[in-house]
Amino acid sequence: MVCSYSKTMRRFCAFLLSGLMLHFNAEAKIDSPNGIISLAVSDTTWTIAYNQKPVLTITSLGFDSRATMPTPVFIKRLSDRYDMISGKRRHCRNEANEYRAKLALDTDVVIRLYNDGIAFRYELTNLEESAIPTEHTTYRIAEGTRRWMQQWADSYEGFFPMSTTARVKPVPSYSKISKSPDGFNCRWGFPALVEPVDDIFVLLTESNIEKQQSASCLYNDGESFRVVPDKNESRPNGQWHSPWRIAIVGTLADLIESTLVTDVAMPCRLKDTSWIKPGTVSWIYWAHNHGSSDYRIICQYVDMAETLKLPYVLIDAEWDQMKDGHTIEEAIAYARSKGIRPLIWYNSSVGWVDGAPTPKYRLNKPEDREREFAWCERLGVAGVKIDFFSGDDLRNMDYCLDLLECASRHHLLVNFHGATIPRGWQRTYPNLLTTEGVYGAEWYNNVPTFTTAAASHNATLPFTRNVIGPMDYTPCTFSDSQHPHITTKAHELALTVLFESGLQHLADRPESYLCQPDEVKQFFGQLPAAWDDTRYVGGYPGRFAILARRSGTTWYVAGINGTDQQATFPLSFSFLDRKPSNIRLFADATDGDWLIEQRPSLPDSIECKPRGGFLLQIE
């Protein structure tokens, strides 16, 4: 009893001392390594500033909405390097100043100030099979502030419309709609982009979901946006921490080039990653609005991959119900005989199940999942696309982690479809090469809305969804699906570089690609799906986007016009460290066809047709 009493008293005294420290340091200020990002602490708020300009206010922290905001104490300087197999940059730098503050007796908040933002998480101790307490992290986004926010849906397939208010009506087709008492949407998905000061932006998201954790979204009450984790029934014992809450802060260049989401994620857990190969994929669904039950059509996409020199073909849903006496084993064998590595589709069987395509229920139980992935490995399947998850709760997050673990044991690449957005798993499990979680070209199959909205939406995604991780948009469709597209050919081609994805799916009909000029077909065979570096060149969400990505000694500069007016965009090539030896331009001709030319020098600007685009290949 004496020992227990002494331990309790020591903890209580430490808590009182931390309270006194908070009282005497009520106006503390801490900084990032380069001093550009700072955090000012008062009794009631944390205020994040960029170059001394306040850009984000946090009005509540932790698990008690009435608690005084704590003053952080410096712990250490982080300096780390790590490599990514796919993503916007191969060699990443992880540098931050780390601080810690006490919120309650057994609750700390750990804060990392990076040169491009802030990350913080909660650490709880002395838990005794305790329920996770209710989180009260709250950001203030003032009415009148420009923002690009997606109403929450379990598939994260929605637009990021520019707005200056949170008072918008909910989209009726979204699942699990949440309304405020006055009928406005009040639930928002990550990432959320705001422009609190002209030309300075904040992107809110989270990272590093682990076991015993659910993912989060934002619920707002007026100008207050609270982080709300999804359902989590776990009752941890001993220690537990939350995922990292992240705000990427700075110019659009800072956002585009940031690796903050993977900086805070757990390091790679795989000992051998030599088998993980990003690449371009031929895909059947978009053109035919159906799965892969027709062996003859599968063969057409294998042949297309062979002709265009693509490494992969995706055999989509319904391969277990193949017609005319053919089997999936035959389709896999045909692809491998052509030197093409097959990926195959599975239903997760936790989301859309009734009336959904097959195969179902093959991955849910550990023993079934192990047997199925071993079968895939034995047949020479390169990876799996797993579809139709049901949200962000603990069940879905643990299931995804189990799938990634099992797939890695059997050397299978993974594409999560109809799933939550990336939250850093691409670093921990680099066999996760892409994730949908985006309103992509597949929607030309579903609704007429996408036709007129696509160009502006495409020019928004580089600044929102694609900042946080790979995005399986399935870009570059030249023909029409169920509903037409009005973006130009050069716009579509530019998307293959503008949108980062470790598996980049080409979804149009084979004849649509094979009738393109030789230079375009050659480009597909050379298209990288992983990048050594990424740079912002120009743009503004919804209006236009121009990015440069490097693979080896070749830079690809891709740009699109998100508006219905012709526009001229200035270009800067300050990222080049040597004179180019070869420059090829893909652009739109005046007659709507291709303009493809070898250029003697780099252009100072480029003119884009309405909803047009361009691509420069610079060696």
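Everything quoted here is computed from the prediction, not taken from an experiment.
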No-hydrogen, no-angle side-chain donor-acceptor test under 3.5 Å, [X] and [Y]:
{"X": "N446", "Y": "Q482", "result": "no"}
{"X": "S551", "Y": "D532", "result": "no"}
{"X": "E442", "Y": "H417", "result": "yes"}
{"X": "E492", "Y": "T487", "result": "yes"}
{"X": "R549", "Y": "T534", "result": "yes"}
{"X": "W345", "Y": "D387", "result": "yes"}
{"X": "R423", "Y": "S207", "result": "no"}
{"X": "N458", "Y": "Y473", "result": "yes"}

Report yes or no: does [X] contribute a side-chain atom to a donor-acceptor pair with the main-chain N or O of [Y] at less than 3.5 Å?
{"X": "K277", "Y": "P311", "result": "no"}
{"X": "D472", "Y": "Q504", "result": "no"}
{"X": "R599", "Y": "S601", "result": "yes"}
{"X": "N431", "Y": "L412", "result": "yes"}
{"X": "N347", "Y": "P357", "result": "yes"}
{"X": "T435", "Y": "G437", "result": "no"}
{"X": "S456", "Y": "A453", "result": "no"}
{"X": "W594", "Y": "F586", "result": "no"}
{"X": "R611", "Y": "I486", "result": "yes"}
{"X": "S293", "Y": "K323", "result": "no"}

Which atom of [X] lies closest to which atom of [Y], heavy atoms considered:
{"X": "I468", "Y": "P422", "result": "CD1-O, 3.7 Å"}
{"X": "P462", "Y": "I256", "result": "O-CD1, 3.0 Å"}
{"X": "V557", "Y": "F614", "result": "O-CE1, 3.9 Å"}
{"X": "S572", "Y": "V537", "result": "O-CG1, 3.8 Å"}
{"X": "G502", "Y": "S86", "result": "CA-CB, 4.2 Å"}
{"X": "T488", "Y": "P610", "result": "CG2-O, 3.9 Å"}

ask   = Is it true that the NZ or CZ of R427 lies under 6.0 Å from the centre of Y82's six-membered ring and within 45 degrees of the ring axis?
value =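 Pair R427/Y82 counts as cation-pi.
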message = With side chain to side chain donor-acceptor pair (under 3.5 Å) as the test, pick out the partner of Q522 among Q516, K309, R584.
response =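 For Q522, the side chain to side chain donor-acceptor pair (under 3.5 Å) test succeeds with only one of Q516, K309, R584, which is R584.
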message = salt bridge (Lys or Arg N to Asp or Glu O under 4.0 Å) for R89 and D533? Distances and angles first, verdict last.
response = CA-CA 4 Å; R89 184 171 297 110; D533 200 2; 3.1 Å; yes
inquiry  = side chain to side chain donor-acceptor pair (under 3.5 Å), that's the test. Do Y536 and D254 meet it? Break it down for me.
reply    = CA-CA 8 Å; Y536 167 82; D254 294 319; over 6 Å; no
Can you tell me how far the [atom1] atom of [X] sits from the [atom2] atom of [Y], to the nearest 0.5 Å?
{"X": "L493", "Y": "E519", "atom1": "CG", "atom2": "CD", "answer": "11.5 Å"}
{"X": "R465", "Y": "T205", "atom1": "CZ", "atom2": "OG1", "answer": "9.5 Å"}
{"X": "T460", "Y": "Q150", "atom1": "OG1", "atom2": "CD", "answer": "11.5 Å"}
{"X": "I546", "Y": "L498", "atom1": "CD1", "atom2": "CG", "answer": "9.5 Å"}

message = Checking E500 against K88 for the salt bridge (Lys or Arg N to Asp or Glu O under 4.0 Å) test, could you report, in this order, the C-alpha distance in whole Å, the side-chain angles of both residues, the deciding distance, and whether it holds?
response = CA-CA 7 Å; E500 181 268 310; K88 65 179 74 173; over 6 Å; no
Using ring centroids (six-membered ring only for Trp), state whether [Y] and [X] fall under 6.0 Å.
{"X": "W443", "Y": "F159", "result": "no"}
{"X": "F160", "Y": "W148", "result": "no"}
{"X": "Y444", "Y": "H483", "result": "no"}
{"X": "F450", "Y": "Y439", "result": "yes"}
{"X": "F190", "Y": "W152", "result": "no"}

List the atom pairs, donor and acceptor, that lie under 3.5 Å between side-chain atoms in residues 295-306 and the rest of the protein, sequence neighbours left out.
from: Y301; atom 1: OH; to: D508; atom 2: O; distance (Å): 3.4
from: D303; atom 1: OD1; to: Y334; atom 2: OH; distance (Å): 2.6
from: D303; atom 1: OD2; to: Y334; atom 2: OH; distance (Å): 3.4

Determine whether more than 12 heavy atoms belonging to other residues, nucleotides or ligands lie under 6.0 Å from atom [atom1] of [X].
{"X": "D604", "atom1": "CG", "value": "no"}
{"X": "H290", "atom1": "NE2", "value": "no"}
{"X": "K521", "atom1": "NZ", "value": "yes"}
{"X": "R336", "atom1": "CZ", "value": "no"}

key: Test log, rule side chain to side chain contact (heavy atoms under 4.5 Å, CB included), inputs L203 and F201   = CA-CA 7 Å; L203 186 81; F201 296 79; over 6 Å; no
message = E195: which residues meet the salt bridge (Lys or Arg N to Asp or Glu O under 4.0 Å) condition with it, sequence neighbours left out?
response = R146
Side chain to side chain, [X] and [Y], heavy atoms closer than 4.5 Å:
{"X": "V497", "Y": "F523", "answer": "yes"}
{"X": "K385", "Y": "W283", "answer": "yes"}
{"X": "Y312", "Y": "L314", "answer": "no"}

query = For C400 and W425, what are the C-alpha separation, side-chain angles and deciding distance, and is it a side chain to side chain contact (heavy atoms under 4.5 Å, CB included)?
reply = CA-CA 10 Å; C400 287; W425 286 340; 3.5 Å; yes
query = Should the ring pair F388 and W352 be called parallel, tilted or perpendicular, given that the plane angle runs from 0 to 90° and is split at 30 and 60?
reply =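 Judged by the thresholds at 30° and 60°, the geometry between F388 and W352 is perpendicular.
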task = Decide side chain to side chain contact (heavy atoms under 4.5 Å, CB included) for F544 and I560; before the verdict, give the C-alpha distance in whole Å, the side-chain angles of both, and the deciding distance to 0.1 Å.
result = CA-CA 6 Å; F544 72 104; I560 59 170; 6.0 Å; no
task = Taking only Lys NZ, Arg NE, NH1 and NH2, and the carboxylate oxygens of Asp or Glu, determine whether R93 and D263 approach each other closer than 4.0 Å.
result = no
ask   = Under the side chain to side chain contact (heavy atoms under 4.5 Å, CB included) criterion, do R81 and H91 qualify, and how do the steps go?
value = CA-CA 7 Å; R81 302 289 187 274; H91 304 298; over 6 Å; no
key: side chain to side chain donor-acceptor pair (under 3.5 Å) between D116 and S258, intermediate numbers included   = CA-CA 7 Å; D116 57 358; S258 174; 2.9 Å; yes
task = Evaluate side chain to side chain donor-acceptor pair (under 3.5 Å) for T358 paired with Q321, printing each intermediate quantity in order.
result = CA-CA 8 Å; T358 59; Q321 303 179 49; 2.4 Å; yes
